[in-house]
Amino acid sequence: MAATPSPFHAGEKRVQERLGVADEIEAFARKVVRDHLPDQHRDFYRQLPFLIVGTVDDRGMPWASLVPGDPGFIGSPDERTLGVAALPLPGDPLNETLRAGAEIGVLGIQLETRRRNRLTGRIARKDDGGFTIAVGQTFGNCPQYIQTRAVQYRPPLGVVGKNAAISRADQIDARAQDMIAKADTLFIATAYADSTSDWANGADVSHRGGKPGFVRIEDEQSFVFPDFYGNNHFNTVGNIELNPKAGFLFPDFATGDLLFVSGDAEIVWEGPEVTAFKGAQRLIRCRARSVIHVENVLPLTFAFGEFSPLLDHVGSWEDAAAALAADKERNSYIAYDVFDVQRESDVIASYYLRRADGKALFAHDPGQFLPIRLNIPGDDDPLIRTYTISDTSNGEYFRLSVKREGGDARASNYFHDCITAGSRIAAMAPRGKFVLDRTSERPVVLLSAGVGVTPMIAMANAIMAEGRKTKNFRQVYFLHGTQNGRSHAFAEHVRTLAAEQEGFVAHICYSRPGEDDELGITHDFEGRIDIELLKNTLPFDDYDFYLCGPEGFMRSLFEGLTGLGVRPERIHYESFGPATIFGPSGKPGGQVHQTTPQSEPVPVRFSRSDVEIMWTADKGTLLELAEAAGIDAPFSCRSGVCGTCATRLQCGTVDYIEDPANLHADDEVLICCSTPRAAIGNETCGGKTGLELEL
């Protein structure tokens with residue numbers, strides 16, 4: 001198909017570009033999308049006991065339909081024609097939309113084997129015995145999320161369902177809601193809205209599957225479900241981008257009922273529920289306009305086999321709700337149990353944490369850290385520290401990899417000396433702005449030294465996990481420096497990643513190799529990672545750089561890279577305070593106002609503590625004001641870096657003494673480096689001028 005026009009229309013391309021797969025999928029699709037049916041696909045259709053089709057009615061509303069028949073009722077006299085020797089079932093909207101010249105989408109699906117084939121075309125002929133389809137596009141479809149079922153007939157075919165009860169409504173009644181809520185399979189019809197002769201246009205129908213309950217009823221008009229990883233064609237989503245309408249078919253495999261729903265469709269790209277639903281890439285919502293319920297109409301029986309194994313890796317609405325509820329606690333310390341401890345090197349150990357109450361974990365981005373509170377026996381006050389989560393988000397546990405610093409480093413020494421499996425510690429939700437940019441397609445260079453390897457392992461694991469799901473692996477160069485093999489953490493893990501994917505290239509540098517270390521086996525270079533090493537090992541390209549390690553290590557590489565012309569915004573680094581702010585670090589989110597700080601008194605209310613106190617300039621930051629009022633406010637770095645002090649802003653605005661390095665939510669402020677601003681000339685906080693914080 002290399003010489004033909006693109007198999008994708010503007011909506012599909014828009015989605016592919018949004019998700020960074022346009023170039024790759026365009027080249028791939030030209031190899032697999034055809035304007036004819038290969039012999040194996042023609043043979044496949046002859047085996048099927050039913051056909052799923054999508055059409056559009058006179059109002060422009062799509063409908064998904066099911067046409068059953070004895071195997072062999074679908075034939076292909078030539079490679080550009082598909083003949084169907086059957087007519088629609090009673091009550092099926094296809095009875096009205098099936099006419100010569102109409103656009104049609106076809107899904108051939110064999111539930112026993114999870115095989116499926118898609119095609120689009122036009123109805124060339126319709127008569128009393130069936131209809132014929134002129135093929136437009138056709139391609140094989142991956143077997144993801146299909147539940148296996150053995151299909152048999154309820155004889156005699158053609159008699160079952162003739163007197164089926166048919167009900168029509170403009171909303172989803174209780175029976176229909178129950179049917180949708182139990183479904184593990186649905187079919188969705190959409191249509192490309194452009195009326196040009198573009199060969200990528202037309203009606204389409206597709207399969208969606210999930211755990212029973214993956215479709216959530218919102219009210220009598222609407223339902224929503226997660227859209228998981230697919231083949232990156234985005235036929236359904238691309239159609240909705242241009243024409244936000246869809247038709248749904250919910251078969252009840254136990255009773256033989258069919259539920260048809262047609263309405264307005266919406267793609268939900270972002271938001272808390274998308275993030276919280278494990279495996280969801282986006283949500284699809286339908287607001288019903290027309291609902292048709294046909295009872296006991298299917299002349300087929302379906303014996304359940306097994307769920308798709310891919311469903312083991314996706315969540316549920318219950319899990320998502322639990323995760324969202326947990327996220328509301330993000331500024332509170334939660335008890336975590338240490339259930340395992342693993343030695344990573346002579347000086348680094350990993351501690352595996354899960355919530356003591358069994359609830360879902362907070363979601364986190366690779367590179368973020370966990371604020372920890374340690375109650376050390378004999379100390380009056382707890383120790384507050386932050387440790388990077390050294391693995392990608394998995395919904396089951398956090399892994400903290402802590403280096404024994406020695407000397408008077410009380411927190412890390414306490415971890416190594418006293419924290420074991422069975423210990424309990426307190427932690428807030430993950431936070432931090434040093435995170436992997438998932439929107440970039442550029443190759444990634446991960447540069448670390450010593451315990452700075454921890455966020456790099458999390459980022460590497462996230463990139464590899466994404467690649468395994470999408471089959472689109474982002475190029476990674478992993479460069480790590482340490483003293484020798486005894487101090488080298490995650491050595492075997494990194495070697496495994498490099499062996500798994502040729503696009504993952506690892507370079508290890510030992511500054512003081514030990515007797516058991518062998519150049520070319522345990523490490524690749526001797527000495528330290530510097531700009532000369534990068535120049536000699538990295539191919540010429542445009543990279544995203546991530547740095548983590550001692551201050552001197554990061555400063556040297558930052559200055560070296562910018563000296564070579566790398567733009568500062570392409571260099572991301574872990575900042576541990578003002579001393580490691582090397583250059584532009586981006587603007588923080590939230591209520592930021594870079595103006596002259598307020599000099600007049602401002603009344604501040606801490607709502608959770610039910611304390612109101614007057615702030616004046618001599619009382620310092622909001623954190624210091626809270627401490628003076630006897631409020632136990634969370635903090636760690638006191639410089640706007642760690643994000644531990646992020647507090648929900650209920651009303652009012654703040655000024656920052658200096659731009660905080662940590663990104664935070666739009667409704668939060670970092671109280672360690674901010675002061676209140678009086679809303680001059682405006683009434684806020686219930687008629688008062690001032691500020692109210694949820695603390």
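As the structure is a prediction and not an experimental result, all values here were calculated from the model.
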For Met61 and Val56, what are the C-alpha separation, side-chain angles and deciding distance, and is it a side chain to side chain contact (heavy atoms under 4.5 Å, CB included)? CA-CA 5 Å; Met61 300 303 297; Val56 180; 5.9 Å; no

For Asp204, the option from Leu119, Val106, Thr190, Leu107 that meets side-chain contact (heavy atoms from CB on, under 4.5 Å): Thr190

Whether Phe228 and Phe277 hold their rings parallel, tilted or perpendicular, with breakpoints at 30° and 60°: tilted

Over 60° means perpendicular and under 30° means parallel, so tell me whether His233 and Phe139 are parallel, tilted or perpendicular. tilted

Taking atom types as modelled, is there a side-chain donor on Arg474 or Ser440 under 3.5 Å from an acceptor on the other? yes

Distance alone, cut at 3.5 Å: any donor-acceptor contact between the side chains of Thr236 and Asn239? no

For the aromatic rings, using the six-membered ring if either is Trp, is the centroid distance between Tyr145 and Phe214 under 6.0 Å? no

From CD1 (Ile52) to CD1 (Ile188), nearest 0.5 Å: 13.5 Å

Establish, yes or no, whether the cationic atom of Arg355 lies under 6.0 Å from the six-membered ring centre of Phe362 and within 45° of the ring axis. yes

Salt-bridged, Glu273 to Arg216, with N to O below 4.0 Å? yes

Taking Asn117 as the fixed residue, which of Gln40, His41, Arg42, Gln110 is the one that meets the side chain to side chain donor-acceptor pair (under 3.5 Å) rule? His41

Full working for salt bridge (charged side-chain N to carboxylate O under 4.0 Å, His left out) between Asp667 and Arg648: CA-CA 6 Å; Asp667 62 347; Arg648 195 171 303 281; 2.4 Å; yes

